[in-house]
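Quick notes on the structure that follows.
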Amino acid sequence: MAFTLPALPYAFNALEPHIDARTMEIHHGKHHNAYVTNLNNALTGKPEENLSIEEICKNISKHPMPVRNNGGGHYNHSLFWTIMAPNAGGAPAGALADAINAAFGNVEEFKTKFNTAATSRFGSGWAWLIKGADGKLAITSTPNQDNPLMDIAEVKGTPLLGLDVWEHAYYLHYQNRRPDYCTAFWNVVNWDEVSKRFA
Ligand code: MN3
């Protein structure tokens, strides 16, 4: 099997009260696990099975739909777990803070624009902070399990920060209140990890 479910880097309840333990348990152990299983099933025995998940995403138009959905799901969730942490939140620092200020004015403006992308994504998808080919930061969103690495993405770039706005990410605790979940997300953002991805 080419791909494996990465271990969650903290306990299921570590992000409470912002993201509840039951949601984390199901999200990681059931949803992400299913993307990994289905991705492996779609690739087993094919020449593509030795490619990295990044390589698969970058040429996703050459792959069938199950690889796009489950490969995206695996990449996106693997990133998502690492850009959150307990006792996190706060503000970005250093070069990342400078780049956010240059692109969006200030951190509060950035958060407002990001949350608009997250709350206005109709149905299931993701909101992203990306670094474009020109080195500049941008906010975008993608449907389903697509991501900005994919050659089919409307706005392409390297994902630095992603927020899952599928209902499975928040419904147990927030029900229909996606905006509350998007606001609470900032309390668990691991800015050190986002900075590493930026650098
Ligand atoms: Mn999800």
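Ligands are counted one by one from 1 in listed order, and the atoms in each one are counted from 1 as well.
- To the nearest 10 degrees, the Mn ion (ligand 1) sees NE2 of His27 and NE2 of His168 at an angle of 100°.
- Using a 4.0 Å cut-off between charged side-chain N and carboxylate O, Asp146 and Arg68 make a salt bridge.
- Under the 30°/60° scheme for interplanar angles, the aromatic rings of His28 and His32 are found to stand perpendicular.
- None of the N, O or S atoms belonging to His32 lies under 2.8 Å away from the Mn ion (ligand 1).
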Exercise. Under the side-chain contact (heavy atoms from CB on, under 4.5 Å) criterion, do Leu163 and Phe80 qualify, and how do the steps go?
Worked result: CA-CA 7 Å; Leu163 176 57; Phe80 189 48; 4.0 Å; yes
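- Our summary of the site lists the angle at the Mn ion (ligand 1) between NE2 of His77 and OD2 of Asp164 as 100°, to the nearest 10 degrees.
- Here the side chains of His18 and His173 are not in contact, with every heavy-atom distance at 4.5 Å or above.
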